[in-house]
Enquirer: 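Following this message is one structure expressed as structure tokens.
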There are 4 protein chains.
Amino acid sequence: MNDMRTGGTDLETGQERKAPGRPRDSKADQAIIEATIALLATGQSAASLSMDAVASKAGVGKATIYRRWPNKEALLIDAVATMKGPLPELAGESVRDDLVALVAANWTNRAKRYGKVTACLLPQYTRDEEMQRVYQAITEPRRNAMRTVLRRGIDNGELRADLDVELSMLMISGPSVVQNMLHFNPNVPEEGFPEALVDAFLRGARP
Amino acid sequence: MNDMRTGGTDLETGQERKAPGRPRDSKADQAIIEATIALLATGQSAASLSMDAVASKAGVGKATIYRRWPNKEALLIDAVATMKGPLPELAGESVRDDLVALVAANWTNRAKRYGKVTACLLPQYTRDEEMQRVYQAITEPRRNAMRTVLRRGIDNGELRADLDVELSMLMISGPSVVQNMLHFNPNVPEEGFPEALVDAFLRGARP
Amino acid sequence: MNDMRTGGTDLETGQERKAPGRPRDSKADQAIIEATIALLATGQSAASLSMDAVASKAGVGKATIYRRWPNKEALLIDAVATMKGPLPELAGESVRDDLVALVAANWTNRAKRYGKVTACLLPQYTRDEEMQRVYQAITEPRRNAMRTVLRRGIDNGELRADLDVELSMLMISGPSVVQNMLHFNPNVPEEGFPEALVDAFLRGARP
Amino acid sequence: MNDMRTGGTDLETGQERKAPGRPRDSKADQAIIEATIALLATGQSAASLSMDAVASKAGVGKATIYRRWPNKEALLIDAVATMKGPLPELAGESVRDDLVALVAANWTNRAKRYGKVTACLLPQYTRDEEMQRVYQAITEPRRNAMRTVLRRGIDNGELRADLDVELSMLMISGPSVVQNMLHFNPNVPEEGFPEALVDAFLRGARP
DNA sequence: TACTAAGCGAGACGGTACGTCGCGTCTTCTT
DNA sequence: AAGAAGACGCGACGTACCGTCTCGCTTAGTA
């Protein structure tokens, strides 16, 4: 996650080269990320979180942060990535149940906190290609899981053969994300949302 | 839109009471919003837009801005609301075509610029209830149009009788919004997106 | 002069303790004071001198100024103190000549410029006890010199034995100051003022 | 004091010309001056007194003030002039006693408050010739009184024939002013100051 | 055991923007 | 026309962050 390492790998030989001098303190990495997450949870927005505050809360000098991350946004991206929980266990029997499980995994309290923090990063996200790649990398495992489930459904006949997989992923994740981050449509109840969404997606709107 | 008004309503009679003193200059409101939009279009992000620049470009003192909006974010919200284009004309024949028209209206270049700016404001939206209400108010006409189309479809039998209207709205808007603002799934082609989305929504995923 | 220092004295041992962190840059102190004096000489008044201008001229961030002085007035006080020239050399033979020399030292062009700037600060002097003490500290060496001269005069019989030294100091400095700063009585000629004042003080008004 | 009158005197005929429209409200003049004095007494300095505060306290629109005085300083000068008490009654027998009475008149509590306010105006005073003339006009009656007393002393032999009257005025007023405004020499007791000053002035410093 | 190189906490540094306040003017309606 | 009320353009204020730069000190590997 955090780069900007000294020493590291010698590109010509491919062998590890031991960096001279005092090595980085891994407790610092951890303390910084934890302080960031704590302040994000407390605070109001990404803008209202200051690097001085992170340094102070982590008991760390500011230079120690900037030695690891090039700027505030990079740190936030990493902190958010850390907040992402593990992928849910998929039963692997019914495609419908697996999709519900995937949506529900983004519907926990933890995920909602994550959603709020993510929203704080959107301004950077929409603008910086580098950040988009980082974000895609973080979410790729999840997208892949859903892709696999959908393909399985097509193969075993649970889903229509001509289903557009990528569009379907967007149709399942999109409503979930906007509702999570923006409370987009306040008239949709939270209770039972994953099931309702997946069932409506499967069933379609025609009679 | 902008509040913080002087004068207002006489509580006893309920009649409008003319505020004393020099009234606000409505040309200033307009100039400020226009300057904000112009700078948003030019600039990189909401953060890179400075109030001094807005004031200068609008030919207005900073106090004149802060007399109307309590802070930078509130101004941006209002500026973005102004960017929203008019509702599309709906043919009113096929429900499918009307839904496509509604989605396509958020798919123009103008709407994409709007989407980018909106993304910059999401941090505020997600935490400030006041801003959420403002945002709801801005989007309410659009949601209402879609609600009407869906109800018409249920009534005339184009859509299933047990369709959850609110959830359906989310299922159409959600993918559109995240794709517009976040380029959420880079594997979904832009070309023909509104038609593909609506058709998939209507058809469902089952064979 | 400028306070608000970090670090300081270890209370238990009474020894100086080195403050942690990067130490203040003494070149900044100097550059700020010099910029202030330069702008005071150029400008019209204390009010017309802006902190932004000082910072810009000194090639320094505003925070660097405010780290050293709590506000504009405190900076001006220090700048003015720096403008005070050195004490004049006293011949030490005739008390009368030494007093004339002391008065004349406040009668140079430099001293008049100093007087004008000081006048700009009087509002602060008159109400802030802290600033009064600062001012007293600045002027104490001069007052002491005059006190010494007067005492010598009493001892060697040049002055009357029952002379009130403190009142006499006020009687010599007071007219000089008001005339210098305020041009208090426009009917008193500038030419030969120090001699005339001292001689009149020595001689008295009685026949 | 306050000028900028409409109507007034026709310079060619010397006759009064009645101004058209609503006449000035003399209660406003009074309320403004009183509010100014009250705020000066309360507040910290001339700079910390705002025209908005004066207008508000006087229950008057700002334009009403600016119709009478061209700017803040002019108002302050007038307010200060109003604070000046009446000239003391002079017994007219002993020159020494009359001088003591004149000094003592500047030594009352009222005079000290006046001194503090005057100090607030010095920055303007030292810079603006117009203000100097106004100030000289205010103080001229006092200076004239002292001049008369000193001349009487010369004429009747109480004072030396070659006394420099203007310099003497400065020698009496100067110490009083600086001590009053600046607490210039804290070692000089307030008690009995007028008598001590006048006696020392008369007696001289030589044995 | 000494030397070199880098990491560390602390905090100062040059900038940039913030949101507030005051000045002196202008604009409304009312007296 | 003057009055109260208050908006206006301007410009300075003092604060908060950013990302960088010293300080003196610590912690490793190398000589």
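Sequence lines set the chain letters: A, B, ... in the order given, protein chains first and strands last, and positions in each chain run from 1.
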Enquirer: Please report, rounded to the nearest Å, how far the C1' atom of dG7(E) is from the NZ atom of Lys27(A).
Expert: 13 Å
Enquirer: If you assign Ala63(A) and Met51(A) each to the DNA chain F nucleotide with the nearest heavy atom, which residue ends up on the more 5' nucleotide?
Expert: Met51(A)
Enquirer: Please examine the side chains of Leu75(A) and Met51(A), heavy atoms only from C-beta on, and report whether any two atoms are closer than 4.5 Å.
Expert: yes
Enquirer: Is any side-chain N or O of Thr64(B) closer than 4.0 Å to OP1 or OP2 of dA7(F)?
Expert: no
Enquirer: First locate atom OG1 of Thr36(A), then atom CG of Asp78(A), and finally report the distance between them rounded to the nearest 0.5 Å.
Expert: 9.5 Å
Enquirer: Which one, dA12(E), dG19(F), dA10(E), comes nearest to the side chain of Arg68(C)?
Expert: dA12(E)
Enquirer: If you check every side-chain atom of Arg24(C), which of dG3(F), dG24(E), dA12(E) has the closest atom?
Expert: dA12(E)
Enquirer: Distance check needed: dG19(F) P versus Ile65(A) CD1, whole Å only.
Expert: 11 Å
Enquirer: Over how many whole Å does the gap from Leu49(C) atom CG to dC13(F) atom C1' extend?
Expert: 13 Å
Enquirer: Are OP1 or OP2 of dG11(E) and a side-chain N or O of Lys62(A) less than 4.0 angstrom apart?
Expert: no
Enquirer: If you go through the side-chain atoms of Arg22(A), does one of them form a donor-acceptor pair with the base of dA28(F) closer than 3.5 Å?
Expert: no
Enquirer: Any sub-3.5 Å donor-acceptor pair from Lys72(A)'s side-chain atoms to Leu49(A)'s backbone N or O?
Expert: yes
Enquirer: Start at the 5' end of DNA chain F and walk down; is the nucleotide closest to Pro23(B) or to Gly21(C) reached first?
Expert: Pro23(B)
Enquirer: Using a cut-off of less than 4.0 Å, is there contact between a side-chain N or O of Ser50(A) and OP1 or OP2 of dA16(F)?
Expert: no
Enquirer: Figure out the CG/C1' separation between Asp29(D) and dG3(F), and round it to whole Å.
Expert: 13 Å
Enquirer: Hey, is the side chain of Arg67(D) poking within less than 4.0 Å of OP1 or OP2 on dG24(E), counting only N and O atoms?
Expert: no
Enquirer: Nearest-Å distance, OH (Tyr66(D)) to P (dA4(F))?
Expert: 15 Å
Enquirer: What's the closest nucleotide to the side chain of Pro20(C) if the choices are dC18(F), dG9(F), dG11(E)?
Expert: dG11(E)
Enquirer: Using 4.0 Å as the upper bound for N to carboxylate O, is an ion pair formed by Asp29(B) and Arg24(B)?
Expert: no
Enquirer: Taking CD from Glu73(C) and P from dA12(F), how many angstroms apart are they, rounded to a whole number?
Expert: 15 Å
Enquirer: Rounded off to whole Å, could you give me the CG-to-P distance for the Asp52(D) and dA7(F) pair?
Expert: 11 Å
Enquirer: Would you check if Val80(C) and Ile37(C) make a side-chain contact, meaning some heavy-atom pair closer than 4.5 Å?
Expert: no
Enquirer: Please tell me which of the listed nucleotides, dG24(E), dC13(F), dC13(E), lies nearest to the side chain of Asp25(C)?
Expert: dC13(E)
